[in-house]
2 protein chains.
Amino acid sequence: MAIRQVTMQDVADAAGVSRMTVSRALRENSVVNAKTRKRILDVVQELGYVPDQAAGSLSSRKSGFVSVLIPSLDNPHFARTVQILNEELSVVGMQVLLGHTGYSAEKEEELVESFLRRRPEAMLLSCDGHTEKSRSLLEKSGIPVIELWERPHEPIQHVVGFSNFEAAQTLTRSLLDLGYSKIAFIGETRALSSRNAERFRGFQSVLEQAGLPSDRHVYQGARPFNIASGVACCKKVMEEFPDTDCIFCASDPAAFGVLTALQEMGLSVPDDIGVAGFGDFDIAHYCRPSLTTIGVDPNSLARKANELLKRVLNISADEDSTLDAREIIEVVPSLKLRGSTRQKD
Amino acid sequence: MAIRQVTMQDVADAAGVSRMTVSRALRENSVVNAKTRKRILDVVQELGYVPDQAAGSLSSRKSGFVSVLIPSLDNPHFARTVQILNEELSVVGMQVLLGHTGYSAEKEEELVESFLRRRPEAMLLSCDGHTEKSRSLLEKSGIPVIELWERPHEPIQHVVGFSNFEAAQTLTRSLLDLGYSKIAFIGETRALSSRNAERFRGFQSVLEQAGLPSDRHVYQGARPFNIASGVACCKKVMEEFPDTDCIFCASDPAAFGVLTALQEMGLSVPDDIGVAGFGDFDIAHYCRPSLTTIGVDPNSLARKANELLKRVLNISADEDSTLDAREIIEVVPSLKLRGSTRQKD
DNA sequence: CTGTTAGCGCCTTCAA
DNA sequence: TTGAAGGCGCTAACAG
């Protein structure tokens, strides 16, 4: 345990050069005599010198940080997003500052404020509503902002995402197309999630267009909305609306819960009743019956976000890439019709 | 977009005090005249001043960072660990530097080296083997190190985890106890994961003690080891060893894959064959039949890690907590006997 | 309670 | 190709 950390000066002294030469030797693209550089690197090795990046970024005015704010790592799509961004950024020597908003705009505001102290070079948010203060802090900071996973009505700046409203419409339309007409909706209380509200609005709009009632909905008020929520909501739905012929869940894990709940009620899916989820998580693919759902591939979304990020940070490999002041990049969700809904006849 | 960032000096000038007074006013526990503080905070608000933490930590010699290195966020237990640590640390104003090793010691070494430049105040690792250089870098850095999720033979320093070997033994013993005798093992190739190797060793040791052959094993060589791997390995096992009466999977998602594969082969679980997993993930609880497994609650592990961390950082609420040079905190995995194995008669 | 002085460890800028 | 001077924005330590 070093009593005092090894500094660049120590390396310089030991190598018989100035600090500046050490600094240059440590950077890839800088002119230093080959022999001198080798000597310096040897000394670095020997002394176990590790540069202090806080000091470096203070004078270079580049933090090497990118902030990523997501609601929760419990959602595998967000976890994947973080993982990909983290890996891609580490390739260019940058690091992610990760924060969890817990789906709360107030918590997000705190995080924005505290992360801004680290002078990140960009801020990526998963949008579920932002406070005025968050917006103003971000604006004042002058750094690029990218909102992920949604398509907000009033984007802060750049966006890489899709419309939950439209995705829910697409899925609902195909349920009608399969002949379902008494479709129930299960989700989080709308106040808890704009995302969920958008999904319900999409669902509702299609039913209304078709002249069908859209009043079969059951909400769960508390977080998280998971497998257990699906079980609980399913029971409520079937009590309140026993003649339901299909259940649309605002998320796949909940839909999986619905599948097991129905099975325990002795109902067969899809023969007695249909089930659809949202998100296209792994579980939707592998459960039995496999789950009809709609969703965006998180890998693809994260990679698009990464490309945009590189462009706004001017570290794109693509030299002649242009950048609009506000890029809205649409990611198209794909519909998966699987075993939990009946075949089209 | 500010052409030049607002500094503490700007605030000091506008408030008619020195920088030091501003610095003090911004800290909770420091003596500043109440009126002066209010005036300063008003100016801060007005100017939209955001302190630069890189500068602050350069002079205070406290980075406010803790490094957390995990293999992958795809494993929900690791994601949970990260989330809890992140939240707990944010309460005390610290931030997590997150890195993914991808289960590679070399990648881990790179991350250790690059994260050390940020002068983290502690380093948490999920141990799956470390290079000599990683160990030496960590030692030289002088910061506390906590290894998570395993119980390594040669700990670097502190440990919060459990023995995969022993957990696998416990589970295997109870399978024997249920009357199974032709048990197959499915896992990752041992070279890919010391964790997996430990599980296999535990499995093997119990069978050998019981005088049973332990040669029914099928490995998958490539990452990730997930639901699809379980499906694939299950097919191989049943081809090679058709009289197998129970399959022990090195992870729950794979065991879930085995369940669906067996179902498609027309075999009934647990009537025709038993299945056990490892990890006690959500899916083990909710799949049908629910899965016999063994595992540690990630919330509990993360909280213990957090407590230890607070103690080694001397920010524990508990004043008279003592700290050994090397704390080995054991987390006991709990065995869950569920529907995927037969009842004891 | 407040201010002054002197760096923290590195990089920018310029000159040699 | 290298070095010297100066400063990034903040806080520790001490003095008043």
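So that the names make sense, note that chain A is the first sequence line, chain B the second, and so on, each numbered from 1.
Rounded to whole Å, the distance from CG on B:Asp13 to C1' on D:dG9 is 14 Å. Across the protein-nucleic acid pair, B:Ile40 atom CD1 and D:dC10 atom P stand 13 Å apart, rounded to whole Å. Summarising the geometry, the separation between CG on B:Asn33 and P on C:dG3 is reported as 11 Å, rounded to the nearest angstrom. Note: CG (A:Leu26) to P (D:dT1) measures 17 Å, nearest angstrom. If you take CG of B:Asp10 and C1' of D:dC10, they are 13 Å apart, rounded to a whole angstrom.
Ring planes of A:Phe78 and A:Trp149: perpendicular class, angle over 60° (limits at 30 and 60°).
Taking CD of B:Gln95 as the start and CG of B:Leu85 as the end, the distance is 14.0 Å to the nearest 0.5 Å. For the atom pair OH of A:Tyr103 and CZ of A:Arg195, the computed distance is 6.0 Å after rounding to the nearest 0.5 Å.
Counting non-hydrogen atoms under 4.0 angstrom, A:Val32 reaches the backbone sugars and phosphates but no base.
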(message) For a quick check, with a 4.0 angstrom heavy-atom cut-off, what is the B/S/- contact string for nucleotides 8-15 of chain C, read 5' to 3'?
(response) BBBBBB--
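The only member of B:Glu154, B:Glu109, B:Glu108 that meets side chain to side chain donor-acceptor pair (under 3.5 Å) when paired with B:His130 is B:Glu108.
Between B:Glu106 and B:Thr131 the shortest side-chain heavy-atom distance falls below 4.5 Å. Side chains of A:Pro120 and A:Val66 form no contact here, defined as non-hydrogen atoms less than 4.5 Å apart.
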